[in-house]
Amino acid sequence: MDYNTSEIESKWKKFWSKNNTYKVSNDFTKPKFYILDMFPYPSGAGLHVGHPLGYIATDIFARRKRQMGFNVLHPMGFDAFGLPAEQYAIESGIHPAISTDENIKKYIAQLDNIGFNYDWSRSVKTSDPSYYKWTQWIFLQLFDHYYDNNENKAKKIENLVAQFKKNGTEDINTQNSQEEDFSAAEWNGYSPLEKNDILMNYRLAYQKIGYVNWCEELGTVLANDEVKDGVSERGGYPVEKRAMKQWSLRITAYAERLLNDLETVDWSESLKAMQRNWIGKSVGAQLFFNVTNSEQKIEVFTTRPDTIFGATYMVLAPEHDLVSLLTTDEQKEKIEAYIAYSNSRSERERMSDIKEVTGAFTGAYAINPFTNKNIPIWIGDYVLKDYGTGAIMAVPSDDDRDKAFAQKFDLQIIDVVDKSDYPNATLKDKIGKIINSDFLNGLDVKKAIKTALNAIVEKGIGNRKINYKLRDANYSRQRYWGEPFPIKYNKDGVALPINELPHQLPNLDDFKPANGGKSPLARNTDWVNKETGYRRETDTMPGFAGSSWYYLRYMDATNQNALASKESINYWESVDLYVGGTEHAVGHLMYSRFWNKFLFDLGITKTVEPFKKLINQGMIQGVIEFLYLQKEKENGKSVFVSAEIAKNNRAKDYAKIPVHIDYISNYGQSDSNLNAEGIQQFLNWRPVYKGAKFVSKDGVFIDGQEENEKIKIVTKSEVGKMSKRYFNVVNPDDMVSKYGADCFRMYEMFLGPIEQSKPWDTNGIDGVSKFLRKFWALYQKEDAWIVNEDQPTADELKILHLTIKKINDDIEKFSFNTAVSAFMVCVNELRSNKCHKRAILEPLVKLIAPFAPFISEELWHKFGYSTSIHHSEYPIHNETYLKEDSIEYPISVNGKKRASVMIPSDATKEEAEAIALSIDDVQKWIDGKDIRKVIFVPKRMVNIVV
RNA sequence: GCCCGGGUGGUGGAAUUGGUAGACACGCAAGACUUAAAAUCUUGUGAACAUAGUUCGUGCGGGUUCGAUUCCCGCCCCGGGUACCA
C-alpha cells in the first residue's frame, strides 16, 4: 500500500470517535495536566492557517503528556457572544444564533481534519444558556459583594449594610468610587433609591454615570482595552467620550493583587511588563489646595511633592467638576469657548497634536500651601479627567508639559531642582539637588520626597497615596448579542437581582444596534416589562464576560448546579499551560485573573492565578496586495487618480485598497495597465466603488464606461493580518487535502519558533512531505511490510536514543521546529543504514505519534496492536546507548585549531591533556615555548595556551 | 519619548547559553533514471583567493577572554507594547 493520506486520515478519524479515544475522565487518582488554547470566536470566514499554530503545539504537548500517564485536559470551545459574531451577523443579515451555530459546525469539522485530540463532550459555547447561566451568576456575586481593604478580600454587601445601620461610614475601609461620610441615623433615614445609589459606590459590579468610550458606528460603548489609538479595535471606527449611566466592574479593587501576583506566574517578561504598565502603579501624595475667596479645595495627586515650591499654577481637566464653580465672570466666555473647543476634538485629534498645548485661565487663584502665594488656576486638556484627581499642581521647572504650558501662557517658572551634576538627566528623572525650596534646600531628590511628604502630612493638607492607571472596567454594551444582565428595576428605580437563571436572551428578529445609546433589547417592551412592577435592564454584557471564566467550565462542562463541581476544581486546579496570542495581554488575561481572584475570595477557585504558565504564539500573517489610488471626492462621488500621476502627492492621501491576488494576476501585474474590462471587474467586485471615477494619465474614466483608456495600476504587497477583508486567507482544509494533516501539522511546527510571527509561505512544505514519505518507506515498500526482527547495531541504538532525548527536551522547551528537524536527521540516518528493524522503528513510531497522529496510528496497527497508539507508553531514552568509547576532540593552540585526537570518554582531565600534548602536530606548534595553560573542556575541545 | 523583544548564508531558521558558526529545510547548480518533462535519487552550495589549503565572516565600533553569535560599554536599524499617567 502506498502512503495515502486521505485514506489513512478518514479511517483513523472514525476509529478515534468510535472508541472515544480522547475522552477525558475525571479519574482523580491520576496526576493531572491542564493545557489550554485561547478559544476562538467562530467567525464566518472559518479557520485560517494561522489559527492552528498554537493548537498544534498544544496538541503535541497534550498527546505526549497522555502517553506519559497524565490525565490530560485539553479542551476546545467557542467564544460565541460579542461584537465580532454580531458584526458578522449584521453584515450577513443572518441571526447570530444561527450563524454562530453554523460557524461552530464548520470550525469543528476543520479542527477534526487536522487531527486534534479534543474531547468535544467538554466543549463550551459562551452563548449557550446553560453556560451563560453561570456568567450571569458570577455577575450577581460581583453585584452582591464589596471589597474590604482591611481583610483584603471581597465580602458580602449585607455585611456593609449592617455596618451602615449600626455606625454609618465610621471605621469602614473599602474600595469605592467616592469618599462618603454619613452616620447610622442618616443611613436609616435614606430612601430606597438613595440607599441603592450609595451601595453602588461599593459593589464590585456597580452602576455609575461616567465618561465612557462611545462608538457611534458600532452603536455601543467600549472598554479601554477595546480602543486603540482613539478608534475602535474592531472596525477602526471613531470613538468619543460621552457621559452615560453604565455598569462597571471594580477591577481597581484588585489592582495591588493583580500586580503582586504577577511574580508568581511563569509568563514572558514582556507580557508581565505590559500588565504592570496597564496597572500603572505610582506612589506619591494626595494634596489639597485652598482656593482664594472660596470654600472649595482642589485635590491633586503628585509623585513629586518635593517640587511643591516650584508649583506656580494649577491645571484642571476641562471636564472637572469645579471648573464652573471657580470660573470668574470675566473669564466665563473664554472658559466656555475652550471647553467647547476641547469637546469638539476627538480623542484621535487630541493625540495627534500632543505637542500643541492649549488651555484657558479660570480667573481663580489657589494658594500654594508652602509658599503661601496665590497661584492661577487654569484648565487644559493635557490634564485628563479620569487619571488621578483630574487636577494637577503644575511645576514648570521640572515637567516637560508644564514647562511648555507655562512658556506658552507666560506663567512663572521657579527652578527647584539642580540637575547640574547629571548632565544627561531629563526633567522626568528623579535626581538632583533641591534649590529655592526653604527647608528642602540642599536635599537629594529622593530624600526630599520623603521630607516633603512628612511635612504635608504634618500640616494636615494631604496624605501618602498610591495611584493606579488601571480603571474600572466598563461592563455595559448597547448590543443584542451578549448575556442579558440578570437585573431588574422596581418603581423606585432600585436595581434588584433576577435570581432565576439563566435569564434568557429573547430571540429577536431585529437585532441591529439602535441609535442614541439604547440597546436593541429596549425595543422589545414585552420582554422589558414582563414582570409587573419591574423593568428589566436592557444592556448586555461585553465580549470578555464569557471568556473570563471559561477555563473553569471545561473542568465540569455539563454541571447544572454549579459553574463546576468542587471536586473537579480541586482536582484540575488551574491551567498548567495556556497558549494564545499577545493581543489579549491586557484584556482577557487581566479580566480572567480578576474574576479568578474574586472567585478565590468566594472559596470557589483553588488557586489565586488561573494560568500558571503562558506561552504567546506568534501570528501567521498573510501577504496583502494593496492597490494604491489617490482618492478624492467630486460631487459626492469617489474619484480615483492612478498612482502613476498621483506620485507627487503625499503618500498618506492614497487610498490603499486591498485586492485579490487572482484579480491582480488576471487584470494586470504590478505596474501593468488595467483596461476597461479590468476596471469593470474591479467595480463589480467591490460594489462600494460603484460610480467611482478613475483618472489616469491619459484621460478620465467613469465607472468603466468610457473608451479603452488604460489606467496604470500599481500594487504593493505588505505583510499583515490574515483576514477575509484582505483576500489572503489560506484555509487549512486545502493544505490537509493536498499534503495530509500530518504534513500540515509538522510543517506549521517546522516554520520556526512558536512565539514568532511570520508570513505564511508554502515554499518549504515539500521538504516535510518528502520526510513523511521517507519515514513511511522505512516500514513499508509498496505492498510489503518490511520491518524485520534483526538485532539493532550500537550505531542504530545511538541514533534512536539521541533522537528520543532530543525530542523530549525540545517538547519540554516548546521548541517544535528543532524537534521536527531531529526527526528528519534520524530518518535520514536510518535510511542510509538501510535499517528496517522493529527494535528501532517501533519506539520511533511512538515518538512521532504526538506530531503525526495519523501516520503513526496506521503504522502502530500494522505492528499488530488493536488499541490507539495514543494510549501507548512514551519512549524514554537510555543513557547507556549514548555513551561512546572515545570522542574526537579538536586541539587548538592559542585558540587556533591545529589537530584533532580521539580521547577515551572516561579519561580524566590530566590524561586527556597528556594525550593532547603528545600529538606531533601539536608538539611542532608549541616547540620551545612555555605552556601557560591547558584548557580541557569535557565533550568539547582541548586548548593549549603558550 | 518610555518599556520589552530582535538583527546569523539567496530564504525560513539551528547552535547543548563562553567552546569546530550556519544543524534541518527551501532555493539554486551539476549528475543519474527517462524519448521528454514531472517525480525520485546522488553530489555540491557563507564569501574571497587558491581549486587537498588559506583568509575573512553572526547589524556597526570598541572591550574582557586562550577562545565571543553568546558577556560588558557606545552607536545604528527592525518589530511589538504604551503614551499628555501628573
Side-chain angles (χ1 to χ4, degrees), chain A residues 228-229 268-278 280-282 284-285 287 300-304 307 311 314-315 317 350-351 353-358 380-384 386-395 398-402 404-405 426 428 467-471 582-583 585-586 616 618-619 719 747 750-753 755-759 761-768 770-771 773-774 805-806 809 815 817-828 831 888-897 900 931-946:
Chain A
K228 292 252 147 73
D229 301 326
S268 73
E269 260 323 300
S270 70
L271 199 80
K272 287 193 200 177
M274 272 190 232
Q275 291 223 335
R276 282 192 202 105
N277 283 340
W278 194 261
K281 179 180 182 177
S282 51
L287 255 178
V300 300
F301 171 75
T302 179
T303 54
R304 296 295 303 274
T307 62
M314 300 191 82
V315 187
R350 265 202 195 193
M351 284 179 184
D353 40 51
I354 260 169
K355 278 166 201 100
E356 182 96 8
V357 273
T358 59
D381 64 8
Y382 82 95
V383 175
L384 305 175
D386 40 11
Y387 180 75
T389 62
I392 60 158
M393 64 173 211
V395 184
D398 229 57
D399 181 287
D400 292 310
R401 295 149 304 158
D402 294 348
F405 196 86
T426 64
K428 283 213 160 215
N467 204 44
Y468 299 94
K469 271 202 281 192
L470 183 74
R471 283 165 233 167
T582 26
E583 65 271 24
V586 288
N616 283 120
M619 258 204 289
V719 171
Y747 179 60
F750 186 65
L751 275 174
E755 296 90 344
Q756 228 161 72
S757 291
K758 54 232 148 188
D761 175 11
T762 47
N763 274 339
I765 200 166
D766 279 340
V768 178
K770 252 186 254 178
F771 157 76
R773 288 197 298 265
K774 286 179 196 169
K805 185 171 160 43
K806 174 88 175 120
D809 292 350
S815 172
N817 55 332
T818 52
V820 175
S821 295
F823 278 119
M824 290 175 172
V825 172
C826 175
V827 166
N828 284 344
R831 250 167 70 86
E888 186 177 2
Y889 284 81
I891 301 176
S892 53
V893 179
N894 285 347
K896 302 254 179 209
K897 192 190 164 196
S900 64
I931 297 170
R932 278 204 283 139
K933 249 194 240 176
V934 179
I935 298 150
F936 173 72
V937 182
K939 288 186 183 169
R940 282 293 152 203
M941 60 162 333
V942 184
N943 188 30
I944 298 158
V945 185
V946 297

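Quantities reported herein were computed from a predicted structural model and do not represent experimental measurements.
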For atom [atom1] of [X] and atom [atom2] of [N], their distance in whole Å:
{"X": "Asn763(A)", "N": "C24(B)", "atom1": "CG", "atom2": "C1'", "value": "16 Å"}
{"X": "Asn277(A)", "N": "A83(B)", "atom1": "CG", "atom2": "P", "value": "9 Å"}
{"X": "Met619(A)", "N": "G5(B)", "atom1": "CE", "atom2": "P", "value": "20 Å"}
{"X": "Asp400(A)", "N": "A83(B)", "atom1": "CG", "atom2": "P", "value": "18 Å"}
{"X": "Asn616(A)", "N": "G80(B)", "atom1": "CG", "atom2": "C1'", "value": "11 Å"}
{"X": "Leu384(A)", "N": "U82(B)", "atom1": "CG", "atom2": "C1'", "value": "14 Å"}
{"X": "Tyr382(A)", "N": "C84(B)", "atom1": "OH", "atom2": "P", "value": "14 Å"}
{"X": "Lys272(A)", "N": "G81(B)", "atom1": "NZ", "atom2": "C1'", "value": "17 Å"}

Salt bridge (Lys or Arg N to Asp or Glu O under 4.0 Å) with [X]: which residues, sequence neighbours excluded?
{"X": "Asp809(A)", "value": "Lys805(A)"}
{"X": "Lys281(A)", "value": "Glu256(A)"}
{"X": "Asp402(A)", "value": "none"}
{"X": "Arg276(A)", "value": "Glu263(A), Glu269(A)"}

Rounding to an integer number of angstrom, what distance separates [N] and [M] when you compare their [atom1] atoms?
{"N": "G59(B)", "M": "G5(B)", "atom1": "C1'", "result": "16 Å"}
{"N": "U55(B)", "M": "A21(B)", "atom1": "P", "result": "13 Å"}
{"N": "A23(B)", "M": "U43(B)", "atom1": "P", "result": "15 Å"}
{"N": "G7(B)", "M": "A14(B)", "atom1": "C1'", "result": "16 Å"}
{"N": "G9(B)", "M": "A15(B)", "atom1": "C1'", "result": "15 Å"}
{"N": "C26(B)", "M": "G44(B)", "atom1": "C1'", "result": "16 Å"}
{"N": "A50(B)", "M": "U54(B)", "atom1": "C1'", "result": "8 Å"}
{"N": "A25(B)", "M": "C78(B)", "atom1": "P", "result": "34 Å"}

| said: Can you list everything that forms a side chain to side chain donor-acceptor pair (under 3.5 Å) with Asp761(A)? Sequence neighbours excluded, please. | reply: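 Asp761(A): side chain to side chain donor-acceptor pair (under 3.5 Å) contacts with Asn763(A).
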
| Partners passing side chain to side chain donor-acceptor pair (under 3.5 Å) against Asn467(A) (at least two apart in sequence or in another chain) |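 Partners of Asn467(A) by the side chain to side chain donor-acceptor pair (under 3.5 Å) criterion, ordered by chain and then number, come out as Tyr387(A).
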
Closest approach to the side chain of [X], judged atom by atom: which nucleotide of [options] is it?
{"X": "Asn828(A)", "options": "U82(B), A25(B), C84(B)", "value": "A25(B)"}
{"X": "Met274(A)", "options": "C84(B), G19(B), G81(B)", "value": "G81(B)"}
{"X": "Phe301(A)", "options": "C24(B), G81(B), A86(B)", "value": "A86(B)"}

| Who are the side chain to side chain contact (heavy atoms under 4.5 Å, CB included) partners of Ser821(A), not counting sequence neighbours? |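 Listed in chain order: Phe750(A).
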
| request: Enter the distance from Gln275(A):CD to Ser270(A):OG here, rounded to the nearest 0.5 Å. | output: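 So the CD of Gln275(A) and the OG of Ser270(A) are separated by 11.0 Å.
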
Extract from the structure each pairing of a protein N or O with an N or O of nucleotides 40-45 of chain B at less than 3.5 Å, listing the distance.
residue : atom : partner   : partner atom : Å
U40(B)  : OP1  : Arg773(A) : NH2          : 3.2

Kindly give the atom pairs (protein nitrogen or oxygen, nucleotide nitrogen or oxygen) under 3.5 Å for nucleotides 9-14 of chain B.
residue : atom : partner   : partner atom : Å
G12(B)  : O2'  : Leu751(A) : O            : 2.9
G13(B)  : OP1  : Gln756(A) : OE1          : 2.8
G13(B)  : O3'  : Asn817(A) : ND2          : 3.3
A14(B)  : OP1  : Asn817(A) : ND2          : 3.2

| Closer to the 5' end of RNA chain B via nearest nucleotide, is it Ser270(A) or Met393(A)? |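 Counting from the 5' end, the first nearest nucleotide belongs to Ser270(A).
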
| field | Earlier contact from the 5' end, RNA chain B, for Gly764(A) and Ala273(A) | value |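 Nearest nucleotide further toward 5': that of Ala273(A).
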
| task | Just jot down the ring pair (Phe, Tyr, Trp, His ring centres under 6.0 Å) partners of Phe771(A), sequence neighbours excluded, or say none. | result |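 Result, ring pair (Phe, Tyr, Trp, His ring centres under 6.0 Å) vs Phe771(A): none returned.
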
| task | Report the residues that fulfil ring pair (Phe, Tyr, Trp, His ring centres under 6.0 Å) with Tyr747(A), sequence neighbours left out, ordered by chain and then residue number. | result |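 Applying ring pair (Phe, Tyr, Trp, His ring centres under 6.0 Å) to Tyr747(A) gives Trp760(A).
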
| Using Watson-Crick and G-U wobble pairs whose two distances are both under 3.5 Å, how do you write the pairing of RNA chain B as dot-bracket, with | for links to another strand? | (((((((..(((......[....)))((((((.......))))))((((...))))..(((((..]....))))))))))))....

| Under 4.5 Å between any side-chain heavy atoms of Phe405(A) and Asp399(A), yes or no? |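 Answer no - side chains too far apart.
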
| Test item: Lys469(A) side-chain N/O and Ser282(A) main-chain N/O as donor-acceptor pair under 3.5 Å |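 Absent.
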
| Hey, is the main chain of Ala585(A) close enough, under 3.5 Å, to the side chain of Thr582(A) for a donor-acceptor pair? |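 Side chain of Thr582(A) to backbone of Ala585(A): no pair is present.
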
| request: Could you tell me whether G9(B) is syn or anti, where syn means a glycosidic angle within 90 degrees of zero? | output: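 That one's syn.
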
| said: With a 4.0 Å limit, can you tell me whether Arg401(A) has a side-chain N or O closer than that to the phosphate oxygens OP1/OP2 of C85(B)? | reply: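 Result: yes.
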
